[in-house]
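Step one of this worksheet: look at the structure below.
Below, chain A is the first sequence line, B the second, and so on; all start at residue 1. Computation of the quantities below employed the complete heavy-atom set of this structure, encompassing side-chain atoms and omitting hydrogens, waters and symmetry-equivalent molecules. As the structure is a prediction and not an experimental result, all values here were calculated from the model.
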Amino acid sequence: MSTLITKVRQKQLSQLIEKGKRIDGRGLTDFREFKIEEGLIERAEGSARLLLGKTDVLVGVKIETGEPFPDTPNEGVLTVNAELVPLASASFEPGPPDESSIELARIVDRGIRESKAIDNEKLCIEAGKKVFVVFVDVYVLNHDGNLIDASALAAVAALINTKMPNYEIKDGEVIIKQGYTPLPLKSRPITITVGKLGDKLLLDAGLEEEQVMDARISLAINEEGNICAVQKGGSGYFTPQQIIEASKLAQEKAVELRKKLKW
Amino acid sequence: MSTLITKVRQKQLSQLIEKGKRIDGRGLTDFREFKIEEGLIERAEGSARLLLGKTDVLVGVKIETGEPFPDTPNEGVLTVNAELVPLASASFEPGPPDESSIELARIVDRGIRESKAIDNEKLCIEAGKKVFVVFVDVYVLNHDGNLIDASALAAVAALINTKMPNYEIKDGEVIIKQGYTPLPLKSRPITITVGKLGDKLLLDAGLEEEQVMDARISLAINEEGNICAVQKGGSGYFTPQQIIEASKLAQEKAVELRKKLKW
Amino acid sequence: MSTLITKVRQKQLSQLIEKGKRIDGRGLTDFREFKIEEGLIERAEGSARLLLGKTDVLVGVKIETGEPFPDTPNEGVLTVNAELVPLASASFEPGPPDESSIELARIVDRGIRESKAIDNEKLCIEAGKKVFVVFVDVYVLNHDGNLIDASALAAVAALINTKMPNYEIKDGEVIIKQGYTPLPLKSRPITITVGKLGDKLLLDAGLEEEQVMDARISLAINEEGNICAVQKGGSGYFTPQQIIEASKLAQEKAVELRKKLKW
Amino acid sequence: MIDKQEKLIDKKGIRLDGRKADELRPLKLEVGVLPNADGSAYIEHGKNKILVGVFGPREMHPKHLSRPDRMVLRCRYHMAPFSVQERKSPAPSRREVELSKVIREALEPALFLEMYPRTGIDIFVEILQADGGTRCASITAAALALADSGIPMRDLVVACAAGKVDDTVVLDLYDAEDKLGVADVPVAYMPNLNAVTLLQMDGILTHAEFEKAVNMAIDGCKKIYALQKEALKTKYMHIKEETQEEVEE
Amino acid sequence: MIDKQEKLIDKKGIRLDGRKADELRPLKLEVGVLPNADGSAYIEHGKNKILVGVFGPREMHPKHLSRPDRMVLRCRYHMAPFSVQERKSPAPSRREVELSKVIREALEPALFLEMYPRTGIDIFVEILQADGGTRCASITAAALALADSGIPMRDLVVACAAGKVDDTVVLDLYDAEDKLGVADVPVAYMPNLNAVTLLQMDGILTHAEFEKAVNMAIDGCKKIYALQKEALKTKYMHIKEETQEEVEE
Amino acid sequence: MIDKQEKLIDKKGIRLDGRKADELRPLKLEVGVLPNADGSAYIEHGKNKILVGVFGPREMHPKHLSRPDRMVLRCRYHMAPFSVQERKSPAPSRREVELSKVIREALEPALFLEMYPRTGIDIFVEILQADGGTRCASITAAALALADSGIPMRDLVVACAAGKVDDTVVLDLYDAEDKLGVADVPVAYMPNLNAVTLLQMDGILTHAEFEKAVNMAIDGCKKIYALQKEALKTKYMHIKEETQEEVEE
C-alpha cells in the first residue's frame, strides 16, 4: 500500500507524541479545523459533507418505505453503509465492502442506534406492515485520518438536515403528499476516538499518526454526557486506567464540539 | 489470449483494408453469407440460430409472468442477457458476465427497446400487478467476429418466431389456456456495425479484422430507415464526417438485408 | 494440501488392502467404532453428533415456515446444506461451498428424499401457501475419512431427534403453540459407501485410505433392504460385477448397523 | 399438477412416447461442429440438444491449479436459460456443480492424465435443450469431443440411463418418465474396459431391479457406442474426402 | 406517472428549465480537488455533481493484467447510493459496467498508452448527484483529472449530449428531457483532432436529425472545452501564486 | 414480542436465571479437542457452545498476503446455521465480519508476531450454539487453542462482559439480558499485563456505570483466567499420564 510511511517517519512521529507534541503543531487533545456543509445533495432527503483537516466525508440520507423487522413492528428501520471510495486513497480498492468499511459502518450505526437518535416509532406508517426506512450512506472522499469521528459527525449532521416526505393513507395505500417534515430526532450523539501510543492518549489522529498508534477507542457521547457506544480497535491494548481516562477525555471533547456545533 | 494474432498478420490485414480489399476477398461493405434457423429449441417460446460466416449465435426467448416496473404499470418487461459461452472461443472464460457480454446484451436490448419492436402494452395482464416478462437470452456458440450484428439479428429473428401462451383471468388468477398467439411486434430493427481503420469504413468485420480496427459504430435501423440506437466502441475514434458516412452505410445495408430477410 | 500423504505411505496402504488387510487392523468390511450423541444443540429443533473413529460430524435441524414449491403444494420442503468447516482439516478453506461440500449435501439430501424418510404431507400447513421447511445443516468438525456415511447417519439421527412446533391457524395466521410433536418420519435410511482398490472392495475408508482408493460408490438402504439412492465418486471405475457386489455388501452392512442403532 | 396415478406404460408394454421397454430414443451424433474448439461434438438424444467443446491440453489458468505430475481435467456442465420449461438463471446451480463433478469423474478414467503434466483440459458442456438424461447425453458427446481433439484415450466413454417406470424396468427415460417414474439409474461405461465410470440412482429399487437396470443401461451404452464410432468415422471420412478433393484439385 | 403528452418546450422555443434549444446548462469545473489522488477534478453540470480521481501510472494490481507493450487504462463509473431518486445499491449495475467501458474508450484516444508499458492508470468516477447526462459530464471531468495528474495527452476530451425533445433537436438534455424526450445522443470529442471518441444514442431519429444532433453536440463540446482550459489555467495560476507567495515569504 | 417492562432482576437482586449480579454462568473448558488442528479448544459458557481450531504458523495462501517482517494472524468468527433461534445463512454477515476483526485484534497483543515472518496463523471460531456473549467466550477459547498449538504467548487472553440490566450493573449477560437489558460491555483482558485488548459497548451508561462495568468485567475475566489455566493443566497432565503409560508399557 502506497500510503504506508517509512520507519524513520514512524519513529519521528512516535517520539514527538511521547513528548506530548504533534507533527502539525497541535496539542495531543486538539482537533483539526472542521467545516460542515449541509444539503449539498438536493436529490437526497438529507446530506452533509464534513471536512476535518483534509479528511473529507459526504453522507447522504435516503428515505424509502419498507417493511419493519418482525420484532419491532412499529418502528422504522435504520440502515448504515460506508464506502471507502477508491478515489479517497491509493490504499482503497473498488469492490464489495471489506472489514474496515464494515467496521466503520457499524460504529456509525451503533452511535446513532444506541443513543436512540432517531425517534423510530414516528417512522411507523402501519404497524407490522409499512414503515420508513432510513438509509445512511457514508461516502469517504478523502482519507487523512480519523474516519470514525468524521463519519459519525457527518452522519448526524446529515440526519439533522433530513426532511421526511409527508404522506397520508388512502384505501390502504401510502400517498406521498406535498411538503416535508424534519426527521424526528431525539438525540445528537458525538463520537470521539482516542488514540493510544505508549502511555499517551491523543485525539483526532491524522493518517500518519494512525500508523504509529498502538490502539484506538471510540466513544459515542450523548447530550447528557452519557456513553452510548464504545469500540476498541487496533492490535494494541489499553490499561483499565487508560480506558477511564479516555472516556473522560471523550466526554470533555464532546462538550466542546457540541458548543462549536451548537448541537 | 490465444486468439490474438501476430503483428505481421495485423499489418497484412491493415494494408489490405487500406487498399479497399479484405483477406477473404469480400468488398469492404460486403456481409458474409448468413443463414437463420428458426424454432430449433422447441422448449422455448421462441428461438433462432444465426450463422454469419463461422460466427454462430443461438437466441432463446422465454415468456413468464411477473410484476411490471412501477413507472410502466401497463407494459410487459423485456430482459436481454448475453452469454459469451466458453466453448465459442479460447478467449471466453466461464463465470459471471464481463463488460463485453454486458455491452453486447445492452446493445441488443436497446435495438429492440428503442425501436419499440415489441408491443409492450399487449403484454400487460393486469395493470400494475401482472405482465408478461420476455427473456431474450443471446448465446454465442462460435465467435468469428461481428457478434453485435449477429446477436441483434438472431434476437429479432427469435422474437418473430416467438409464440405467446393464451390465458384467461379467473378469480384474479392467470389461467394458461391451450394454444398460442404470436408475440405482438411493431418493428423489426436491423443493427449494422461499421468498422473503421484509418480513413476506411468496413462492414461485418471478421475476428481477425476486429483486432486491427480502430473503432466501431453500431446503428439499429428500423423499417422507415430511422436510427433507433447507436453505440460507438473500441479505443479509437471517428471523425464527425465518418459518423455521417457510417450512418448512411448502415441504412443502405439495412435495406439490403431487409430484402434478403423479407422482414 | 497438507493432508496429502507420501507415495511411500500410499504404496504401503495399497499393498495392505490388496492383501485384504488394513493399516489399523480392521477387516475390509469392518466399520470403525461409532458413537451418536443426540440433542447437543438445545436451540435447534433437532441435532446429533456422530463420531466415527476420529471423523466428527454435527448435524443441526431447524424448522421454519415457508412457501411450498409450486409442483408440490401440499408438501413440506427439505433443504440440506453441508459445510466442510475449516477447523476440520488443513485442506478445508473458508468460503462458499465448493464441489465437494455440494456433492456431500446432495448425497445426504437424496438419501433422505428418495427414501421418503420425512412424511412431507404432514408438514403442510395450508396447501399452496404455507408449509414447514426442514433445514438440515451438516457440519463437519473433524475429517478422518468417510464423510458421506458419517454425515448421512448423523442427519438421520438428527431427524429422529427433531421435534416440530405445535401450531394452530387463527384467522389465516399460523400461531405457534406450546409443546412439540416428533417430526413425522416414515423411513430411516442408512448410507453405506464402498471403496474400491483394484479388485478389492472395502467399507468405511479412513482419510489416508481414501487417497489410494480408485473410486467409491455410496448406496442408501432403507428398512426393507431396498436401494434408495446411489452415487459413484472418484476418478476410477467399477466393473459391473463389482457394483453388484458392492450393492450386496452395503445391504448387509446396513442390516448390521440398523441392529446396532436399533433403527 | 400431473396425476401420479396415470399409467406411463400401456398394457402392451408401450411407453407414452411409443417406445418399448428396452428401446433407446432416437440419437443424432455429430463430431467437429465448433470451429474454435480443439475438439467438439453435438448430440441430440431424444429432445436433448447438447453441444460440447474441448480446449487443451493447454497451460492452466490460474497457474496454481496445475499439477506437476499430471494433467488437470476441468468440466463445466451448464444449462442454457432457455433449455428448460421455467427459465434457468445463468448462474451455476448446486445441481450443475454436482453434475460437472460426476461427469468429469466419468471421463477421467478414459484419459492418460499422467502423460501431460502441468497442463489442463477444459470441457464445456452446454445443454441447449433438456429432456431427461442430460448427464448421460453430455458424457456421450464429451467423449466424442475429446476424441475429436486428438488426445489419446483408453476407450470412448458412453452413457445411458435405465430406470423403473410403473412396475417395469425400462431403458433411457425421457423427461416425463424421469419426473413421474419410480427410479432413474444413469450409467457411464467404457465397453472395451468393461468399466462403469458413472453411476447414480434416484428412487427406490430392490437389489434385483437395480441389477437389472444397471445391465439394461450397459446394453444401451453398447448400442450408443456403435453410433459414437460411426460419428467419428463419418468425421474422418469427411476429412479424408476433403483431403482427396484438395489433392485432386 | 408523468403525462407524456405534456409539452417540454413552449411555443417560444423555451424549455421547461428556461433554456433555449442550443443552450448549455450552467457548468462549474474545478481541478485538483482531491489531496490523495494523482489527479482530480470536480464538475457541476446542471445538477450533476461528479468527482473524478486518477491514480497512476502505477504498477498494476493484480500483475497479470499488465501489458508488456502498453499502459492499461481502467475506469470505474460508480453512482453514490444517494445520487438518484430511488436509493441505488452500491453493487455495480450492468449500466454502470457498460458506462465504465464506453467512458474508458472515450478517454483512451487522448493518451499515449505505449509510453508507459507494464503500468496502469485508474480513473474513479463518482456520481454524487445525477441529473441526466452523467456520462458526458464524467468524461469532461475525467479528462481534466488526467491532465491534472500530469500525464501527456493528445488533447482534452470533452463531452456533451444533444437530443430530440418534442419535435426539436436540443442541446444538453437534463433528467426530465432525458426521460420524456424522443432521443438522446451523448458525444465525446477531442477538438484539436476533430475526433469523436464516444457516441451513443437512445430513441428514434431520422438521418437528418441524427446528423443535426451530432453537430449540435460537438458545438456544445467546443464551448465546454473552453471552460476546461479555463479551469486548468485557474489551477496553474493558483499554483503559480502559491509558489510566488512562498518565494516572497 | 416480549414485554420490555418485565423485571429481569427481582427484589432480592436475583436474576431470571438464578444468578446474583456479579456471578458468572457455569463454564466448561476443554483443550486439544480437534485431532487435525494444530491447536484447539471447546468452551461451554452458559448455553454458548463454541469450538475453536488453530492452524499455523504456516505458509500463507494466497502468498501476497504474507508480510516480510511479521506473521499474519487471520481469524474467522462464524455461526453455525442452527446456532440461533432463526436459521442463519452460512454466508458471513456484516456482524460476523466485524466480530472476526475485533476478536483478531483482541488476540494479537498476546502473540510475538515478529517472531514468525512470512507465515500465517488461522483461527477458526465456530459458534455451535449462541446464548449471548459469544465474542467473549470465543476469545477465551481461542486463547486456549493458541496455547494448545504451542506458539509462545505473552499471556492468555480472557474475555467476559458486564452490563446494565434494569438499574443494576451485572456480570456476564446471557441472551435475554443482552436483548432486554440497558447496556452490554464485552471486555477482553490479559491479567499478567493488565491489558484490555477488546472493549465494546452497546446501550447507554453514565461514566460511573461504565467504569463499574469495565471493572466488574475484568474481575470476571480474572475468575475465568483461573479456569483457563486449569484446563491447560488438565491437558498437560493428560499428556504426561499418556507419556508415562507409554513408558510403563
Side-chain angles (χ1 to χ4, degrees), chain A residues 1-3 37 39-49 51 53-56 58-66 79-97 101 105 133-145 158 161-162 165 176 206-207, chain E residues 32-42 44 46-56 58-59 61-62 74-92 96-97 100 120-132 134 138 141-142 145 148-149 175:
Chain A
M1 282 191 292
S2 52
T3 56
E37 188 185 353
L40 183 71
I41 306 301
E42 303 93 341
R43 195 138 292 183
E45 275 72 32
S47 64
R49 181 173 184 173
L51 277 163
K54 287 184 177 171
T55 286
D56 190 352
L58 173 62
V59 173
V61 178
K62 296 293 297 178
I63 298 199
E64 300 185 353
T65 57
T79 297
V80 179
N81 182 57
E83 296 271 318
L84 302 177
V85 184
L87 49 68
S89 164
S91 67
F92 293 169
E93 288 185 22
S101 59
V133 181
V134 180
F135 290 97
V136 174
D137 279 287
V138 174
Y139 232 61
V140 175
L141 299 180
N142 197 64
H143 177 17
D144 195 34
N161 171 253
T162 298
I176 300 299
L207 185 58
Chain E
V33 295
L34 291 173
N36 289 337
D38 294 323
S40 61
Y42 174 70
E44 289 187 10
K47 286 182 182 164
N48 291 309
K49 298 185 179 187
I50 298 168
L51 202 48
V52 179
V54 168
F55 292 82
R58 59 180 179 183
E59 216 177 288
H61 175 72
R74 289 191 293 194
C75 176
R76 186 180 90 138
Y77 166 98
H78 187 248
M79 304 190 91
F82 44 76
S83 64
V84 279
Q85 201 53 45
E86 197 171 335
R87 180 179 183 269
K88 200 211 143 281
S89 153
E96 283 171 295
V97 172
S100 296
I121 283 198
D122 284 293
I123 300 177
F124 297 113
V125 175
E126 287 294 332
I127 311 300
L128 304 180
Q129 183 162 277
D131 184 36
T134 56
S138 297
D148 182 42
S149 80
D175 199 40

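In terms of heavy-atom pairs under 4.5 angstrom with chain A, the leader among E:Ala80, E:Gly53, E:Ala37 is E:Ala80. Of the listed residues E:Ile123, E:Val33, E:Val125, E:Leu34, the one with more heavy-atom pairs under 4.5 angstrom with chain A than any other is E:Leu34.
Of the two parts of A:Leu40, the backbone and the side chain both hold a non-hydrogen atom closer than 4.5 Å to a non-hydrogen atom of chain E. Within the 4.5 angstrom heavy-atom criterion, only side-chain atoms of A:Glu93, from C-beta onward, approach chain E. Heavy atoms closer than 4.5 Å to chain A are found nowhere in E:Val54, neither backbone nor side chain. For E:Ser83, the part sitting under 4.5 Å from any heavy atom of chain A is the backbone (N, CA, C, O) and nothing else.
Residues E:Arg87 and A:Glu45 are not paired through a salt bridge, judged by the lack of any N-O separation under 4.0 Å between the basic side chain and the carboxylate.
Between E:His78 atom NE2 and A:Glu83 atom CD the span is 5.0 Å, to the nearest 0.5 Å. Separation of atoms CD (E:Gln129) and OG (A:Ser47) is listed at 8.0 Å; rounding is to 0.5 Å.
Between A:Leu87 and E:Val52 there is no side-chain heavy-atom pair separated by less than 4.5 Å. Contact of the A:Arg43 side chain with the E:Asp175 side chain is registered, since non-hydrogen atoms from C-beta on lie closer than 4.5 Å. Side-chain contact between E:Asp122 and A:Pro86: absent, with no pair of heavy atoms (C-beta onward) separated by less than 4.5 Å.
In this pair, A:Tyr139 and E:Phe82 present their aromatic rings perpendicular. The plane angle is above 60°, beyond the 30 to 60° band.
Heavy-atom contacts from other residues, nucleotides or ligands closer than 6.0 Å to CD of E:Glu86 number 12 or fewer.
Applying the side chain to side chain donor-acceptor pair (under 3.5 Å) test between E:Asn36 and each of A:Asp56, A:Asp144, A:Asn142 identifies A:Asn142 as the sole match.
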